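Source: prediction; values computed, not measured.
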Amino acid sequence: MDDEAMFVRTQSLQRTPQQHMPVRVHTPMGSAVVLWHGAPQEADGQHLVEWTVDEAIHWGQNTHPARAPEPELRQEGDQVLMSGRLRLTDDGAACLQMGHWQVLLDLVSPVPGSLDGSWVQISVGSASVALYPYQI
């Protein structure tokens with residue numbers, strides 16, 4: 001199994017003219033409203049999914065030290081807050097380790113190497129977070 005895949009429960013919300021429908025995703029770490037990139041008829045149920053965050057990560061702007069050293073997912077208005085351990089890669093990218101799962105991130109500005117492994121919280125727009133059903 002891919003380390004980036006997570007088993008979640010999804011609940012479809014009102015249909016919108018958007019290409020991808022919003023769903024409420026329920027995880028062991030919390031819940032939030034994100035976009036579903038699977039078949040619309042499969043939006044309700046339990047799924048193995050991969051996450052994407054399409055908003056760039058700016059340290060000090062939408063990414064800060066986490067309040068507590070534990071993974072978390074929650075909604076605040078139109079923002080999705082995700083907490084986990086920051087993992088920096090050799091090629092300049094990063095991922096957020098949320099429990100056993102990873103969410104890949106795009107960095108706009110460099111993050112100090114001393115933050116590798118630290119607990120951080122990112123806050124991104126709900127429309128920037130997507131779930132893709134994982135194909136085994």
Side-chain angles (χ1 to χ4, degrees):
M1 182 186 310
D2 190 329
D3 285 341
E4 297 166 18
M6 178 189 290
F7 195 67
V8 301
R9 182 173 59 86
T10 55
Q11 171 187 8
S12 61
L13 302 175
Q14 77 279 358
R15 296 208 181 256
T16 65
Q18 292 177 271
Q19 181 179 3
H20 301 288
M21 71 170 28
V23 297
R24 177 163 300 280
V25 59
H26 302 273
T27 75
M29 296 153 290
S31 68
V33 174
V34 300
L35 295 179
W36 176 251
H37 282 247
Q41 66 273 17
E42 295 176 1
D44 288 303
Q46 294 189 357
H47 304 279
L48 192 59
V49 297
E50 290 185 6
W51 296 73
T52 63
V53 174
D54 292 330
E55 191 171 319
I57 301 305
H58 298 268
W59 183 255
Q61 293 179 21
N62 64 356
T63 307
H64 304 278
R67 294 183 206 146
E70 60 189 22
E72 180 183 33
L73 173 70
R74 65 186 165 99
Q75 186 86 33
E76 278 190 8
D78 65 350
Q79 297 290 298
V80 173
L81 282 74
M82 304 169 88
S83 296
R85 283 191 184 266
L86 182 67
R87 300 288 183 204
L88 302 176
T89 64
D90 292 337
D91 62 358
C95 66
L96 187 66
Q97 185 79 36
M98 298 178 66
H100 298 290
W101 306 282
Q102 295 181 17
V103 179
L104 297 177
L105 305 172
D106 288 327
L107 300 175
V108 170
S109 57
V111 174
S114 62
L115 294 174
D116 189 27
S118 65
W119 288 93
V120 301
Q121 180 179 72
I122 65 169
S123 175
V124 293
S126 198
S128 297
V129 182
L131 297 179
Y132 291 82
Y134 184 76
Q135 305 298 319
I136 298 178

Any side-chain heavy atom of [X] within less than 4.5 Å of one from [Y]?
| X | Y | value |
| --- | --- | --- |
| Val53 | Leu104 | no |
| Leu73 | Val25 | yes |
| Met98 | Met29 | yes |
| Val8 | Trp101 | no |
| Glu55 | Asn62 | yes |
| Val80 | Gln75 | yes |

Under a 4.5 Å side-chain heavy-atom rule over Ile, Leu, Val, Met, Phe, Trp and Tyr, are [X] and [Y] clustered together?
| X | Y | answer |
| --- | --- | --- |
| Tyr132 | Val103 | no |
| Trp119 | Leu88 | no |
| Ile57 | Trp59 | yes |
| Met21 | Val129 | yes |
| Leu115 | Ile122 | yes |

So which heavy atom on [X] is nearest to which on [Y], and how close?
| X | Y | value |
| --- | --- | --- |
| Pro22 | Val33 | CB-CG1, 4.1 Å |
| Thr10 | His47 | OG1-CD2, 3.2 Å |
| Ala43 | Val23 | CB-CG1, 4.0 Å |
| Cys95 | Leu105 | C-CD1, 4.1 Å |
| Leu35 | Ala127 | CD1-O, 3.4 Å |
| Arg24 | Ser31 | NH1-OG, 3.7 Å |

* Tell me, with the steps shown, if Phe7 and Leu48 meet side-chain contact (heavy atoms from CB on, under 4.5 Å). => CA-CA 4 Å; Phe7 195 67; Leu48 192 59; 4.3 Å; yes
* Could you go through the side-chain contact (heavy atoms from CB on, under 4.5 Å) check for Gln121 and Glu72 one step at a time? => CA-CA 9 Å; Gln121 180 179 72; Glu72 180 183 33; 3.9 Å; yes
* When the ring planes of His37 and His20 are compared, do they come out parallel, tilted or perpendicular, using 30° and 60° as the limits? ->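 It falls in the parallel class, under 30°.
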* To do: Applying side-chain contact (heavy atoms from CB on, under 4.5 Å), run through Met82 and Trp51 and close with a yes or a no.
  => CA-CA 11 Å; Met82 304 169 88; Trp51 296 73; 3.9 Å; yes
* Around atom CG of Asp106, are there more than 12 heavy atoms of other residues, nucleotides or ligands at under 6.0 Å? ->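 Incorrect, the count does not exceed 12.
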* For side chain to side chain donor-acceptor pair (under 3.5 Å), just list the numbers for Asp78 and Ser126, CA-CA rounded to whole Å, side-chain angles, deciding distance to a tenth of an Å, and then say yes or no. => CA-CA 6 Å; Asp78 65 350; Ser126 198; over 6 Å; no
* **Interatomic distance, Arg85 atom CZ to Leu96 atom CG [nearest 0.5 angstrom]** =>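 Going from the CZ atom of Arg85 to the CG atom of Leu96 covers 11.0 Å.
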* Asked: Can you tell me how far the OG atom of Ser123 sits from the NE2 atom of His58, to the nearest 0.5 Å?
  ->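 Going from the OG atom of Ser123 to the NE2 atom of His58 covers 12.0 Å.
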* Asked: Are His26 and Gln11 linked by a side-chain donor-acceptor pair shorter than 3.5 Å?
  ->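 Yes, side-chain donor-acceptor contact under 3.5 Å.
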